[in-house]
Amino acid sequence: MDKFAIKKRKVPGDWKSERRAGGGRESKPDPDLSDPARGEGNPESFGNDAGGGAGGPGPPPPLTLLSTDVRPVWRHVAAEGLDCDYAVIFTRSEADDIFLRLEEELEYFSGDLSRVQVYGKWYQIPRKQVAHGDPRLTYKYSGVTLSPKPWLPVLERIRERVRETTGHVFNFVLINRYQDGKDHIGEHRDDERELEQGSPIASVSFGASRDFVFRHGSARGGGSRRRQGRLEPIKLLLEHGGLLLMNHPTNVHWYHSLPVRKRVLAPRVNLTFRKVLRLSKN
DNA sequence: CTCTTTCAATCGC
DNA sequence: GGCGATTGAAAGA
């Protein structure tokens with residue numbers, strides 16, 4: 001039973017007023033996959049629905065749908081100690097272009113920065129990873145200290161859209177690339193000790209849609225699958241051009257993961273923007 | 001020194 | 001195909 005605790009909300013950032021084009025269908029995340037290089041629908045719409053004109057219930061979509069009319073449709077995701085907002089913030093054509101540039105321009109870490117020791121054995125991390133950000137910042141991940149590469153135009157473009165939609169300015173981005181559904185990341189919390197107090201983490205996705213799962217700390221491990229421990233996992237579908245804002249205190253008690261999905265054949269690039277405090281000591 | 005937290009692969013169902 | 005349980009060395013508080 002997948003509980004999709006998703007409700008509509010107004011606006012966490014700057015977008016004036018929410019408006020929708022077609023009938024108000026409550027869209028629940030579709031656990032099915034979706035390939036990134038699919039043909040197009042409306043090239044200037046965000047991926048939130050668009051009613052799909054063909055045979056959908058409700059009134060027909062408006063004839064004139066100008067791109068300037070379209071605003072992200074935010075969904076609020078809430079549970080005990082969990083507070084997130086999700087919206088597709090890039091049009092399909094914007095996201096396609098950005099994804100292409102990311103694939104062309106990013107150079108991922110290799111060697112020691114891409115290996116991790118688990119239960120005494122060393123593994124390549126089951127994904128690719130790289131960090132970009134302001135000079136002299138560092139971020140520790142699984143024991144290794146990541147020094148960011150300088151910003152690239154495509155990354156600043158994404159960061160600027162995130163600023164427009166959330167009001168937050170981030171100085172660091174950790175990028176993970178999942179080649180296909182076999183690439184994944186295990187359950188973890190993001191280390192907030194080296195982040196600005198109470199600042200959110202902005203997770204932006206391009207390419208293949210992937211399931212994303214939150215689990216409460218108390219619902220994990222040894223003897224914790226008891227009777228009414230009613231903190232069910234919360235599953236989201238992160239889409240091409242989508243932004244998931246993870247607000248404090250989500251990362252304190254909730255773990256998240258990107259599980260294996262063997263039916264997914266296409267790559268996904270995810271960027272988690274952060275406000276990092278610490279500077280490298282030289 | 002002690003205690004807590006962390007990561008990914010494998011196996012069983 | 002997916003999920004829960006299981007496996008420990010290293011780092012940090």
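All heavy atoms count here, side chains included; hydrogens, waters and symmetry mates do not. Given the structure is predicted, the values throughout are model-derived calculations rather than measurements. Order of the sequence lines sets the chain letters (A, B, ...), proteins ahead of strands, with each chain counted from 1.
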**Asked** OP1, OP2 of C/dA13 versus side-chain N and O of A/R193: anything below 4.0 Å?
**Response** yes
**Message:** Without decimals, in angstroms, what is the distance between A/F214 CZ and C/dC3 C1'?
**Reply:** 19 Å
**Request:** Find the distance A/Y255:OH to B/dC7:P and express it as a whole number of Å.
**Result:** 9 Å
**Request:** Verify the contact: side-chain N or O of A/R189 to OP1 or OP2 of B/dC7, cut-off strictly under 4.0 Å; return yes or no.
**Result:** no
**Prompt:** Taking only N and O in the side chain of A/H188, is any of them less than 4.0 Å away from OP1 or OP2 of B/dA8?
**Reply:** no
**Message:** Among B/dA9, C/dG2, B/dC7, which nucleotide has an atom closest to any side-chain atom of A/Y119?
**Reply:** B/dC7
**Prompt:** Within the pair A/K182 and B/dA8, is there a side-chain N or O less than 4.0 Å away from OP1 or OP2?
**Reply:** no
**Request:** Take atom CD of A/Q124 and atom P of B/dA8, then tell me their distance rounded to the nearest Å.
**Result:** 12 Å
**Request:** Between C/dG4, C/dG2, B/dC7, spot the one nearest the side chain of A/R215, thanks.
**Result:** C/dG4
**Asked** Angle class for the A/F99/A/H240 ring planes (parallel below 30°, perpendicular above 60°, tilted otherwise)?
**Response** perpendicular
**Whole angstrom value for the distance that separates C1' of B/dT5 from NZ of A/K140** = 15 Å
**Prompt:** Just how far, in rounded Å, is C1' of B/dT4 from NE2 of A/H253?
**Reply:** 15 Å
**Request:** Mark yes or no for whether A/R274, through its side chain, and A/N171, through its backbone, hold a donor-acceptor pair below 3.5 Å.
**Result:** no
**Asked** Should we say atom NE2 of A/H253 is surrounded by more than 12 heavy atoms from elsewhere, each under 6.0 Å from it?
**Response** no
**Asked** Below 4.0 angstrom from OP1 or OP2 of C/dG2, is there any side-chain N or O of A/R263?
**Response** yes
**Request:** For atom CD of A/Q197, decide whether the heavy atoms of other residues, nucleotides or ligands shown that lie under 6.0 angstrom number more than 12.
**Result:** no
**Message:** For a quick test of reading the model: is some side-chain N or O of A/R220 closer than 4.0 Å to OP1 or OP2 of C/dG4?
**Reply:** no
**Message:** Measure CG/A/N251 against C1'/B/dT5 and give the value in whole Å, please.
**Reply:** 15 Å
**Asked** Taking atom P of B/dT5 as reference, at what distance in whole Å does atom CD of A/Q117 sit?
**Response** 20 Å
**Request:** Tell me whether A/Y123 is stacked on the nucleobase of B/dA8, counting only the six-membered base ring and applying the 5.5 Å and 30° thresholds.
**Result:** no
**Request:** Would you classify A/G143 as touching base, sugar-phosphate or nothing, given that sugar-phosphate means primed atoms plus P, OP1 and OP2, and contacts are heavy atoms under 4.0 Å?
**Result:** nothing
**Prompt:** Is A/R159 positioned over the aromatic face of A/W151, cation under 6.0 angstrom from the ring centre and no more than 45 degrees off axis?
**Reply:** yes
**Distance in angstrom units between A/L146 CG and B/dC7 C1', rounded** = 14 Å
